[in-house]
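Just so you know, ligand 1 is whichever comes first in the structure, and atom 1 is the first atom listed for that ligand. Nothing here was measured: the structure is a model prediction, and the numbers come from that model.
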Amino acid sequence: MLKNESLKIGRNEPCPCGSGKKYKKCCMNADTPKPVDVAALYARKYDIRLKTPEQIAGMRRTGRLVLETIDLLETHIRPGITTNVLNDLAHQLAMDHGAIPAPLNYRGFPKSICTSVNEVICHGIPDDTPLKDGDIINVDITHILDGYYADASKTFFVGRPSADAEKIVRVAAQCLKEAMTMLAPGNTIGDIGWAIQTYARDQGCSVVREFVGHGIGRQFHEPPQVPHYGKKGDGIPLVPGMVFTVEPMINLGRAELFIAKDNWTAITRDRSLSAQFEQTFLITDDGYESLTPFDL
Ligand code: MF3
Ligand code: CO
Ligand code: CO
């Protein structure tokens, strides 16, 4: 059961029961408060669209195709292959299933997937550079199937990893796992970032602050923003029906970045390695379901 105080309703805000009265004049002190219309409250207060079972089923289907795409790319990742070839494989698989690769032409992005190698944090643009032994590569896949988006990414080793590569990929994967322990009603968006930041810092790594997880549904990026740093208890309370990504970008060195001349590629300022794992999550009554589940 949702306690009203866990929803952070201000006394002068509209009552969450939908009466149109101020909260303090309605259910705040009522002996028997009327049921809270959480979907209406979250839409009005945060512009967050809680998802219906039908929408969730749609996103689950898209999520399966996103994972199938990542699995296909994994089988091709080796020294000598170019990121353009990975892009074309992902694009074709989407097309074969009646899906649209969401990045293509999104705000002018020129390719169908993001491929981020070594010191590239995110939004790397596929090109004709061959991968080398010892590289790490993140492939970030977002498809649209029947109007529903799902978004996931993994970082892979190319050939044999260095000790640094092993470390940053291990820490980035564990950061997403730490975040997942917070995904339940009653916790907040701030708890997610806090868990990530605490683990990353313990490992001597840093968390990128310029890019955040995001609500997702019939659009690529919806409210809320999900920072990968934060304070325990801060931010919006998690409620069932929320769907958002968590996608911590973790650097071996410092957190600062710059954007390359292509206006997309984000690169660590100190050129240290960066790794990322991303899934799309649904908050359920008793925890969460990943709509793009894979082992970490
Ligand atoms: N998939 C990325 C994310 O996780 C967004 C990529 S935007 C693009 O939010 F335009 F670069 F594709
Ligand atoms: Co993504
Ligand atoms: Co995302």
### Task
Starting from the Co ion (ligand 3), look over the N/O/S atoms of Glu278 and name the nearest one.
OE2
### Task
Check all N, O or S atoms of Glu247 and name the one closest to the Co ion (ligand 3).
OE2
### Val66 reachable from Phe156 in the ILVMFWY side-chain graph, under 4.5 Å edges
yes
### Message
Count I, L, V, M, F, W, Y as connected when their side-chain heavy atoms are under 4.5 Å apart, and connections chain through other members. Are Val212 and Val207 then in the same cluster?
### Response
no
Check contact between [X] and ligand 1, using heavy atoms of the residue and a distance below 4.0 angstrom.
X      : result
Lys111 : no
Phe220 : yes
Arg107 : no

Write out the residue and atom name of the closest protein heavy atom to [atom], then the distance separating them to 0.1 Å.
atom                    : result
atom 4 (O) of ligand 1  : Glu247 OE1, 2.7 Å
atom 2 (C) of ligand 1  : Asp140 OD2, 3.4 Å
atom 12 (F) of ligand 1 : Pro103 CB, 3.0 Å
atom 7 (S) of ligand 1  : Tyr106 CD2, 3.9 Å

## Note on the structure
One finds that the ligand 1 atoms under 4.0 Å from a non-hydrogen atom of Thr142 are 1 (N)
### Query
Can the ring centroids of Tyr106 and His221 be said to lie less than 6.0 angstrom from one another?
yes
### Lys24 vs Asn12, side chain to side chain donor-acceptor pair (under 3.5 Å): CA-CA, chis, key distance, verdict
CA-CA 6 Å; Lys24 68 180 179 194; Asn12 286 313; 2.7 Å; yes
Region of [X] engaging ligand 1 - heavy atom pairs below 4.0 Å:
X      : value
Cys114 : side chain
Asp151 : side chain
Trp264 : side chain

### Task
State whether His214 contributes an N/O/S atom found under 2.8 Å from the Co ion (ligand 3).
yes
### Geometric class of the Phe277/Phe294 ring pair [parallel <30°, tilted 30-60°, perpendicular >60°]
tilted
### Query
Which single N/O/S atom of Asp151 lies at minimum distance from the Co ion (ligand 2)?
OD1
